[in-house]
Amino acid sequence: MSTSEEQQTPAKPAEGTIPAPLKDWKIQYTKIFINNEWHNSSSGKKFPVFNPANEEKICEVEEGDKEDVDKAVKAAREAFQIGSPWRTMDASERGRLLNKLADLIERDRLLMATIEAVNGGKVFSNAYLMDLGGCVRILRYFASWADKIQGRTIPIDGKYFSYTRHEPVGVCGQIIPWNFPLVMFIWKIGPALCCGNTVVVKPAEQTPLTALYTASLIKEAGFPPGVVNIVPGYGPTAGAAISSHMDVDKVAFTGSTEVGKLIKEAAGKSNLKRVTLELGGKSPCIIFADADLDNAVQFAHRGVFYHQGQCCIAASRIFVEESIYDEFVQRSVERAKKYTLGDPLNPSVQQGPQIDKEQYNKILDLIESGKKEGAKLECGGGPWGDKGYFIQPTVFSNVTDEMRIAKEEIFGPVQQIMKFKTIDEVIRRANNTHYGLSAGIFTKDLDKAITISSALQAGTVWVNCYSVVSAQSPFGGFKMSGNGRELGEYGLHEYTEVKTVTIKISEKNS
Amino acid sequence: MSSKEKTSSNPAEETIPTPLTNLKIQFTKIFINNEWHNSVSGKKFPVINPATEEKICDVEEGDKEDVDKAVKAAREAFQLGSPWRTMDASERGRLLNKLADLMERDRLLLATMESLNGGKIFAHAYLMDLGLSVNAIRYNASWADKIQGRTIPIGQTTHEDGKFFSYTRHEPIGVCGQILPWNFPLVALVLKMAPALCCGNTVVVKPAEQTPLTALYLASLVKEAGFPPGVVNIVPGYGPTAGAAISSHMDVDKVSFTGSTEVGLLIKQAAGKSNLKRVTLELGGKSPCIVFADADLDNAVEFAHQGVFFHQGQCCIAASRLFVEESIYNEFVRKSIERAKKYTLGNPLKPEVHQGPQIDKEQYTKILDLIESGKKEGAKLECGGDPWGDKGYFIQPTVFSNVTDDMRIAKEEIFGPVQQIMKFKTIDEVIKRANNTHYGLAAGVFTKDLDKALTVSSALQAGTVWVNCYGGPSPQVPFGGFKMSGNGREMGEYGLHEYIEVKTVTVKISEKNS
């Protein structure tokens, strides 16, 4: 498993710890999953799924739309009825099922990592170690919470006995992004199922394959029919059908802030379904002169280049204290030049393609704006290769806060490095955004670390590191980077509906 | 007074003073930065006594520009390094307790004002509204220095070995917009303001246009208690202007609303269209009571009665669908009618009056329309059914029996003194019928049987289920709606969750030990 030394070289897996990706694997599951069965789309339509490294079609998948969502919601509602197998199941048994699912994912880890790498353009070692490793750990974390979802007995005024039950919310719609298809799928179903909900999941249209494979494991693990349903399809059709459905009790979405707004609006137009959102970011790193410079360079680098920059937490504004600015830029450029681009299944490759043409065009457009608006292009700055959506790792220095590359989310392998003088100035500049997902601070000074992390308007602040996400600690956005938190005990709150029961009694004692 | 009324002292023994006569309204302006402001537009709006339809006074009418000023002040007061942000949490608690002291000092005046402006029976205003308000402030005051984050045993992560120290801070969210209803003006204000301030937020409050007076009086106590300027700001005005300005404001971090489901939908939409501000909603209901044959009948009749008639039926939790087991149905109806006939209507300040007016003409008209629909659609009118008196918005206490589920009076929120009594046969049937609504605020179950009490309360889709009682929120227990009766919870420890923003801080260290 990776060590801190390993971070300083391109992501080369330790010898012998990762198997080679599968060759000659088949996509078995391409249909809509409802009630533990595979269905064709109501319309008969299918949609293509691509390999972004070569732009070739991998397969076709049934295209779900409103009618399919209706079927799925019906199944999920049925499975949620009082008296159903799922509702009457012991909480500990729900936990056992989640652990069983984790076992099955471990069993099929190689196949799933291969599919994820091919469909998502992910460097294979990352898919195997990070994505699959993360999924298993998170599932087991939530499995262990299932029989610890505890309400309270409450010392109410008057002669009453009062308690709360932490009930499941009901039918939860979950809309998944394409950057971490399997990980995000698990982040959503883990806590939902742990708390006793049933789900209707819409994976991203670019990357439905690992979700559908996991559906087969869900059935194999023994979850009752209707507890998990998966409807592949597009956002404006299947996704919108979920967010405006009158019989979906909650919607959880990870994706762009632009679409997050539409979803919250749809919830307000339909049935006031509960909403959690994990959206975009323009996260700052602040590097002080007293920081461990190499450590800061490495974490800042990975923070923005990991998975070709396609992370909501991408460290896309680096503020460096004036006195170390030139040195920092120089080392960052050096680091960014050490990349081999190509087929993400190839072990010598460190950077894969962007997910599709739309993203590719958007990133190149923003890179051009950087050049036009006067940032200094230090390396990269254009596309790479004959096919596939590849973009050279790009570093801009002398970036100022007004430039588009300093304000808009790029979601590509593009680093912005800015200069600052004082603490108050950099806090103000770091917070000067509608986003608020995460931030990083690099300093050895105790007081700086504590006071500045308090001052930054971000849901997660990393100190002397970046991108450290783990099942135990809550994750989510301030401001327009999101509503609510995922992971940790906090993630459970979003999947419970609190009921108070107050009983009149003849005599009360403490 | 039934013992259901949760007050800090025993209501049966407590003697209530007489309401003040010649009450002067001192505070009629917009409250920003601990100062009183005229409206930017120069406009004022009238505030009416619903028992007489006479104007009490005029109040400055806030609109978007006034909301902008208030939000600016609230944002300023929320800046890092400000008096409010650097204050000890315990000191916030002390200030809240001081506010409660001042409310107790001015209890008689506040109760008189609330009764006059809101059409509330004075005894209720004095005992219940003021009692609950003071208790709720003290409850939240005592939480202030117990808002605790966690240190977390962070494990192997997606990128590194697990050598990190990770903790959460439960920070205030920021500037909170709070939009209040007219049925419990002071109580609703306190239930929103107290947890918000307890957690360190700043607020911009818009009281209902019908009932701004006690909020403005409370503002003077907020200043007297010593809260820094800008922490509490109050902008009286109308929903479509001042209210909408709050819910679509790009610099308000959260909006909390109590009112109709219809407006709640608009507020959530506005939050989505603007800046994704966090939203909590306490909305309408069509709450069922289920009375089983083994219940203590008199107890059930009394609680069901109070549950729908309290404050002229103007409660979100109004027990407006009564399901009575077949074998006791006739007896239950008979006793309920008898109980409903025991009312003297009139000036709510008078001690012999049991029922005051509805809040305004719009509500009055809507209720009478629903009563007519009950008659037309074939329910049996047992008593009441008409308006009362020459002036003021009075409606006779009304009881319908033989109500069926598809009638308008069985489906729509009436918000008036109108009781619907239905019959049921089996448990499965009544649970299905009770849950057959988009609402989900509250419910009541009347039975002596242990298993029925526990299993039926689990099965009902309602945020609060009362067993062998009904009504009366208490600051310790969470309150809120399932389904379209709301989002989120108020009161209890749970209410604090709605007023914090969780920040995770993860620090790289060289060595980790458990």
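Residue numbers begin at 1 in each chain, while the letters A, B, ... track the order of the sequences.
The backbone N or O of B/L276 sits nowhere less than 3.5 Å from a side-chain atom of A/K261 that would complete a donor-acceptor pair. With hydrogens and angles disregarded, no donor-acceptor distance shorter than 3.5 Å links the side chain of A/N271 to the backbone of B/M484. In this structure, A/K264 contributes its side chain and B/K268 its backbone to no donor-acceptor pair below 3.5 Å. Under the 3.5 Å distance criterion, the side-chain polar atoms of B/Q269 are left unmatched by any main-chain donor or acceptor of A/E265. Under a 3.5 Å cut-off, the side chain of B/R278 and the backbone N or O of A/N483 do not form any donor-acceptor pair. Remark: side-chain polar atoms of B/S474 are not paired, donor with acceptor, to backbone N or O of A/I156 under 3.5 angstrom.
The most heavy-atom pairs under 4.5 Å with chain A, out of B/S485, B/S458, B/G480, come from B/S458. Most heavy-atom pairs under 4.5 Å with chain B: of the set A/P155, A/G133, A/S438, this distinction falls to A/P155. Comparing B/R150, B/K254, B/E493 by heavy-atom pairs within less than 4.5 Å of chain A, the highest count is held by B/R150. Counting heavy-atom pairs under 4.5 Å between each of B/Q476, B/K273, B/H497 and chain A puts B/Q476 at the top. Across B/I173, B/L460, B/I431, B/I267, the residue that shares the most heavy-atom pairs under 4.5 angstrom with chain A is B/L460. Note on A/G484, A/G482, A/A449: by heavy-atom pairs under 4.5 Å with chain B, the leading option is A/G482. Taking chain B as the reference chain and counting heavy-atom pairs below 4.5 Å, the highest number among A/G83, A/G436, A/G477 is found for A/G477. If you tally non-hydrogen atom pairs under 4.5 Å between each of A/I154, A/V498, A/N464, A/I82 and chain B, the highest count goes to A/V498. In terms of heavy-atom pairs under 4.5 angstrom with chain B, the leader among A/K159, A/R485, A/H434, A/H493 is A/R485. Among B/V477, B/V279, B/V502, B/N468, the residue with the largest count of heavy-atom pairs under 4.5 Å with chain A is B/V502.
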As a quick check of understanding, evaluate side chain to side chain contact (heavy atoms under 4.5 Å, CB included) for B/Q461 and A/K499, giving each step before the final call. CA-CA 9 Å; B/Q461 293 161 0; A/K499 171 186 283 173; over 6 Å; no

Are B/I154 and A/V468 close enough, and set up right, to give a side chain to side chain contact (heavy atoms under 4.5 Å, CB included), and what steps lead you there? CA-CA 10 Å; B/I154 189 170; A/V468 176; 4.1 Å; yes

Any chance you could lay out the side chain to side chain contact (heavy atoms under 4.5 Å, CB included) test for A/T460 and B/K503, step after step, and finish with the verdict? CA-CA 6 Å; A/T460 300; B/K503 171 185 285 173; over 6 Å; no

Between B/N299 and A/K504, does a side chain to side chain contact (heavy atoms under 4.5 Å, CB included) hold up when you go through it step by step? CA-CA 11 Å; B/N299 183 65; A/K504 179 165 171 280; 3.4 Å; yes

With salt bridge (charged side-chain N to carboxylate O under 4.0 Å, His left out) as the test, would you mind laying out the steps for A/E497 and B/R489 before giving the verdict? CA-CA 9 Å; A/E497 188 78 35; B/R489 294 292 177 269; 2.7 Å; yes

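Contact of A/F478 with chain B is made through backbone and side chain together, with heavy-atom distances under 4.5 Å. Heavy-atom distances place the backbone of B/P153, and not its side chain, under 4.5 Å from chain A. Only the side chain of A/S162 comes within less than 4.5 Å of a heavy atom in chain B; its backbone stays farther off. Using a 4.5 Å cut-off between heavy atoms, B/F165 makes no contact with chain A at all. No part of A/R87 comes within reach of chain B, as not one of its non-hydrogen atoms sits under 4.5 angstrom from that chain. In this structure, chain B has a heavy atom under 4.5 Å from the side chain of A/R165, while its backbone stays farther away. Using a 4.5 Å cut-off between heavy atoms, A/A458 contacts chain B through its backbone alone, with no side-chain atom that close. When heavy atoms are compared at a cutoff of 4.5 Å, A/I263 does not approach chain B at all. Contacts between A/A471 and chain B at a heavy-atom distance below 4.5 Å are absent for every atom of the residue. Heavy atoms of A/K273 lying under 4.5 Å from chain B belong exclusively to its backbone. Proximity to chain B is absent for every atom of A/Y141, based on heavy atoms less than 4.5 angstrom apart. Interface residue A/I503: backbone and side-chain heavy atoms are both found under 4.5 Å from chain B. Both the backbone and the side chain of B/L265 come within contact range of chain A, each with at least one heavy atom under 4.5 Å from a heavy atom of that chain. Residue contact with chain B, scored on non-hydrogen atoms closer than 4.5 Å, involves the backbone of A/S270 exclusively. Contacts of B/L281 with chain A are made by side-chain atoms alone, with heavy-atom separations under 4.5 Å and no backbone atom involved. Using a 4.5 Å cut-off between heavy atoms, A/L279 touches chain B through its side chain atoms alone.
The shortest side-chain heavy-atom distance between B/I152 and A/P474 falls under the 4.5 Å cut-off. Residues A/V463 and B/T506 have side chains not in contact (no heavy-atom distance under 4.5 Å, counting atoms from C-beta outward). Taking 4.5 Å as the limit, every side-chain heavy atom of A/S454 sits out of range of all side-chain heavy atoms of B/V505.
Around the NZ atom of A/K508, the shell of radius 6.0 Å holds more than 12 heavy atoms that belong to other residues, nucleotides or ligands.
A salt bridge is absent between B/E501 and A/K479; no separation between the charged side-chain nitrogens and carboxylate oxygens falls under 4.0 Å.
Inspection of the B/Y494 and A/T164 side chains reveals an N or O donor paired with an N or O acceptor under 3.5 Å. For the residue pair B/H170 / A/Y490, a side-chain donor-acceptor distance below 3.5 Å is found, with atom types taken as modelled. Using a 3.5 Å distance cut-off with no hydrogens or angles, the side chains of A/S473 and B/S166 do pair a donor with an acceptor.
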